[in-house]
Amino acid sequence: MNYVLSAAQMRELDRKTIEELGIPSLVLMETAGKSIAESIFKDIDKFFFLRTTVICGKGNNGGDGAVIARWLKIWGHAVRIVRVGIGNPSPDAQLNFDLCAKLEIPIFHYENETQLDEMLEFAVDSALIVDAVFGTGFNGELDDFYLNFFVAINEHVLMRVAVDMPSWVNADTGFTPLEIPIRTTYAIGAYKFGHFAGFGKQWCGNVKLIDIGIPREYFDQLNPAQLITVDSYEYPERFNFAHKGTYGRVTIFGGCLGYTGASVMAANSALRAGAGLVLVFCRMETTDIYANKLTEAIYYEIGENEKDRLPAKKDLLKALEGTDCILIGPGLGLDDFALKALTIVLEKCTCTVILDADAITLICENPVLYRHLENKNVLLIPHWGEFSRVSGFTIEEISTNIMGCLSRFVKKYHARVLLKSFTTIYHDEEKTCFNITGNDGLATGGSGDVLAGIIASFVAQGMEIPEAAINASYLMGDTARMLAEKRATPSILPRDIIENLFVYEHEDKD
């Protein structure tokens with residue numbers, strides 16, 4: 001299981017492992033450091049014709065770094081240590097620094113900025129920097145001493161790796177004051193929110209998990225977030241003796257004039273993802289458009305009241321009977337017709353309702369609708385801009401503390417949210433899941449409509465909301481990843497994703 005933890009949760013796990021299980025902290029440090037050294041040796045040994053410099057803080061992250069340096073030295077590599085900071089190291093770190101000294105590993109203690117040139121001369125010919133200064137201890141601010149140190153030393157190396165977290169990236173938020181890329185971050189014990197949240201994914205590079213022997217039941221006691229991977233990805237079960245009713249009915253509310261393509265893509269992706277029946281409810285003036293665009297999906301004209309030309313509530317509810325999942329929002333429009341349709345669905349429908357795009361905007365513009373977000377059958381799937389509008393948080397607040405903003409919104413409205421971005425996060429009051437698949441080929445209008453259709457399809461086929469949302473996100477992202485192996489990402493279109501859903505997954509299994 002791929003767990004994702006806050007810094008506080010990780011500290012609690014370390015405490016339990018040391019105090020309750022009885023594994024000494026020194027053993028955990030040795031396990032982590034040696035495992036990382038082995039991974040460095042395996043992954044990037046071609047760089048060892050030049051020196052490696054391990055930069056160590058005075059805490060246990062620095063102790064991990066000293067273990068790494070010691071093992072690299074034992075295996076015959078040229079390695080040196082820069083200890084940075086004032087004050088005595090932790091006892092475990094000091095012991096490992098002493099062992100490094102006995103192995104005659106050169107150690108430079110950097111305590112003030114007057115030593116900057118001397119320190120750079122000591123480390124400048126290194127091909128690799130191993131960052132082991134703060135780990136999860138960075139809280140979002142760097143004083144000038146550390147800021148100047150990190151900038152200076154990172155200007156003179158070919159490659160950088162980090163122990164647990166880059167020392168300038170917040171472990172809970174992914175926020176960083178420094179745009180210094182890391183090739184590989186070695187996550188000790190578990191992934192951290194900051195590896196994937198906000199812009200952490202960009203600055204942490206390839207994140208590799210280092211197992212240090214913490215029992216699984218200790219993780220489960222924390223109800224941790226999870227990272228979905230190829231090993232944990234699931235899709236709805238299929239049966240040889242099935243019919244279209246087995247795989248559910250999806251109803252999608254069609255778009256207004258000029259925006260019908262969104263619902264068409266959602267309908268096609270819902271079908272491609274396995275839904276048994278897909279209906280698109282359309283306005284009178286768009287009936288001919290859907291008649292021409294839809295083949296496998298069914299279109300249904302929404303009845304209107306003669307007086308106000310708005311959706312006829314009784315007729316609409318009758319038509320929705322038997323629906324397993326409703327998707328409303330893509331191309332819906334923001335007029336009174338759209339608002340009336342959305343209000344009817346939120347007030348009267350008990351099946352799963354997925355809100356996207358214009359439906360989210362309508363809620364923002366009509367605050368009385370917020371009360372429906374607490375309904376257990378309602379899922380919001382906004383991108384950052386939509387989430388900013390519906391939550392009231394600025395884009396800057398979201399980008400610098402995405403989990404904080406998401407958690408506060410969910411707690412306030414008792415909502416279920418799939419927040420779409422380069423890292424997609426599902427969060428409700430009981431469960432949090434991360435998906436990091438995908439690429440810039442999905443940065444195209446219509447990609448969100450495709451994802452909405454897949455989620456609706458998975459729900460209609462019997463998956464619960466959290467599993468449907470995060471697994472649909474994984475499938476779409478992984479499809480984009482596989483497509484990028486055959487064509488450049490700028491050329492990937494939403495219809496390419498639709499046409500290739502499950503294709504590569506099937507090829508992999510064969």
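Numbers here are sequence positions counted from 1.
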Open item on the list: Taking the side chain as everything from C-beta on, heavy atoms only, tell me whether L483 gets closer than 4.5 Å to N500.
Closed with: yes

Task: Spatial distance of atom CE (M10) from atom CG (L222) [nearest 0.5 Å] - done: 9.5 Å

TODO: Report yes if some heavy atom in the side chain of T400 is under 4.5 Å from a heavy atom in the side chain of T173; otherwise report no.
DONE: no

Open item on the list: Quick check: closest heavy atoms across P224 and F219, and the distance to 0.1 Å?
Closed with: CD-O, 3.1 Å

Task: From CG (L279) to CG (L294), nearest 0.5 Å - done: 10.0 Å

Open item on the list: Tell me whether D131 contacts the main-chain N or O of R160 through its side chain, where contact means a donor paired with an acceptor under 3.5 Å.
Closed with: no

Open item on the list: Could you go through E20 and R15, starting from their C-alpha distance and side-chain angles, then the distance that decides it, and tell me whether this counts as side chain to side chain contact (heavy atoms under 4.5 Å, CB included)?
Closed with: CA-CA 8 Å; E20 298 180 15; R15 184 199 65 77; 3.4 Å; yes

Donor-acceptor contacts under 3.5 Å from residues 348-363 side chains, at least two apart:
residue: D356; atom: OD1; partner: K420; partner atom: NZ; Å: 3.3
residue: D358; atom: OD2; partner: L332; partner atom: N; Å: 3.3
residue: D358; atom: OD2; partner: G333; partner atom: N; Å: 2.7

- [ ] Please confirm whether the backbone N or O of E234 pairs with a side-chain atom of N471, one donor and one acceptor, at under 3.5 Å?
- [x] yes

Task: Close side-chain approach of Y290 to V264, heavy-atom, < 4.5 Å - done: yes

TODO: State whether the side chain of T394 and the backbone N or O of E397 hold a donor-acceptor pair below 3.5 Å, judged by distance alone.
DONE: yes

Task: From T343 atom OG1 to N366 atom CG, the distance as rounded to the nearest 0.5 Å - done: 7.0 Å

TODO: Compute whether any side-chain donor of one residue and acceptor of the other, for T136 and K192, lie under 3.5 angstrom apart.
DONE: no

Task: Salt bridge present between E321 and K318 (N-O < 4.0 angstrom) - done: yes

Open item on the list: To check you understand the geometry: which heavy-atom pair defines the closest contact between Y218 and I214, and what is its length?
Closed with: CB-CG2, 4.1 Å

TODO: State whether the side chain of N223 and the backbone N or O of E430 hold a donor-acceptor pair below 3.5 Å, judged by distance alone.
DONE: yes

Open item on the list: Can you confirm whether Y3 sits close enough to Q9 that some side-chain heavy atom of one is under 4.5 Å from a side-chain heavy atom of the other?
Closed with: no

Open item on the list: Donor-acceptor check, side chain of S263 to backbone of F253, threshold 3.5 angstrom: yes or no?
Closed with: no

TODO: Determine yes or no for a side-chain-to-main-chain donor-acceptor pair under 3.5 angstrom, with T287 supplying the side chain and M284 the backbone.
DONE: yes

Task: From CG (N61) to CE (M165), nearest 0.5 Å - done: 10.5 Å

Task: D288 side chain to A291 backbone, donor-acceptor under 3.5 Å - done: no

Task: F422/W384 aromatic ring centres below 6.0 Å - done: yes

Task: Side-chain heavy atoms of L380 within contact of Y413, under 4.5 Å - done: no

Open item on the list: With a 6.0 Å cut-off (strictly less than), is the heavy-atom count around CD of E141, excluding the residue itself, greater than 12?
Closed with: no

Open item on the list: Whether K376 and E464 form a salt bridge (side-chain N of Lys/Arg under 4.0 Å from carboxylate O of Asp/Glu) is what I want to check.
Closed with: no

For residues 434-456, dump all side-chain donor-acceptor pairs below 3.5 Å to protein atoms at least two apart in sequence or in another chain.
residue: N435; atom: OD1; partner: T437; partner atom: N; Å: 3.1
residue: N435; atom: OD1; partner: T437; partner atom: OG1; Å: 2.8
residue: N435; atom: ND2; partner: T437; partner atom: OG1; Å: 3.2
residue: N435; atom: ND2; partner: S473; partner atom: O; Å: 3.1
residue: N435; atom: ND2; partner: S473; partner atom: OG; Å: 2.7
residue: T437; atom: OG1; partner: Y474; partner atom: O; Å: 3.3
residue: N439; atom: OD1; partner: G441; partner atom: N; Å: 2.9
residue: N439; atom: ND2; partner: A480; partner atom: O; Å: 2.9
residue: D440; atom: OD1; partner: T489; partner atom: OG1; Å: 3.3
residue: D440; atom: OD2; partner: T489; partner atom: OG1; Å: 2.7
residue: S447; atom: OG; partner: L442; partner atom: O; Å: 2.9
residue: S447; atom: OG; partner: T444; partner atom: O; Å: 3.1

Task: Spacing of I465 atom CD1 and Y426 atom OH [to the nearest 0.5 Å] - done: 6.0 Å

Open item on the list: Please give me the minimum heavy-atom distance between G248 and D324, naming the atom from each residue.
Closed with: CA-OD2, 3.2 Å

Open item on the list: Test side chain to side chain contact (heavy atoms under 4.5 Å, CB included) on N2 and Y191; report intermediate values, then the result.
Closed with: CA-CA 7 Å; N2 295 296; Y191 298 114; 3.8 Å; yes

TODO: State the CD1-NZ distance between I470 and K431, to the nearest 0.5 angstrom.
DONE: 9.5 Å

- [ ] Using the six-membered ring of Y247, assess whether NZ or CZ of R238 lies under 6.0 Å from its centre and within 45 degrees of the ring axis.
- [x] yes

- [ ] Answer yes or no: is there a donor N or O on one side and an acceptor on the other, between the side chain of K313 and the main chain of P311, under 3.5 Å?
- [x] no

- [ ] Verify, without hydrogens or angle tests, whether R416 (side chain) and V378 (backbone) share a donor-acceptor contact under 3.5 angstrom.
- [x] yes

Task: side chain to side chain contact (heavy atoms under 4.5 Å, CB included) assessment of W168 paired with I182 - done: CA-CA 11 Å; W168 45 89; I182 290 288; 3.8 Å; yes

Open item on the list: Given 3.5 Å as the limit, does a donor-acceptor pair link the side chain of T479 with the main chain of I497, or not?
Closed with: no

Open item on the list: Please verify the inter-ring angle class for F134 with F138; under 30° counts as parallel, over 60° as perpendicular, anything in between as tilted.
Closed with: parallel

TODO: For L501 and S269, work out which heavy atoms get closest and say how close.
DONE: CD1-O, 4.0 Å

Open item on the list: Is the distance from the ring center of F387 to that of F409 below 6.0 Å?
Closed with: yes

- [ ] Inspect the contact between R272 and E296 and indicate whether a charged nitrogen and a carboxylate oxygen are less than 4.0 angstrom apart.
- [x] no

Open item on the list: For A273 versus F458, what's the shortest heavy-atom pair and its separation?
Closed with: O-CE1, 3.8 Å

Open item on the list: Before you tell me yes or no, could you show the steps for I302 and F337 under side chain to side chain contact (heavy atoms under 4.5 Å, CB included), namely the whole-Å CA-CA distance, both residues' side-chain angles and the distance that decides it to 0.1 Å?
Closed with: CA-CA 10 Å; I302 299 174; F337 189 97; 4.0 Å; yes

Task: Shortest non-hydrogen contact between P382 and L418, atoms and distance - done: CD-O, 3.3 Å

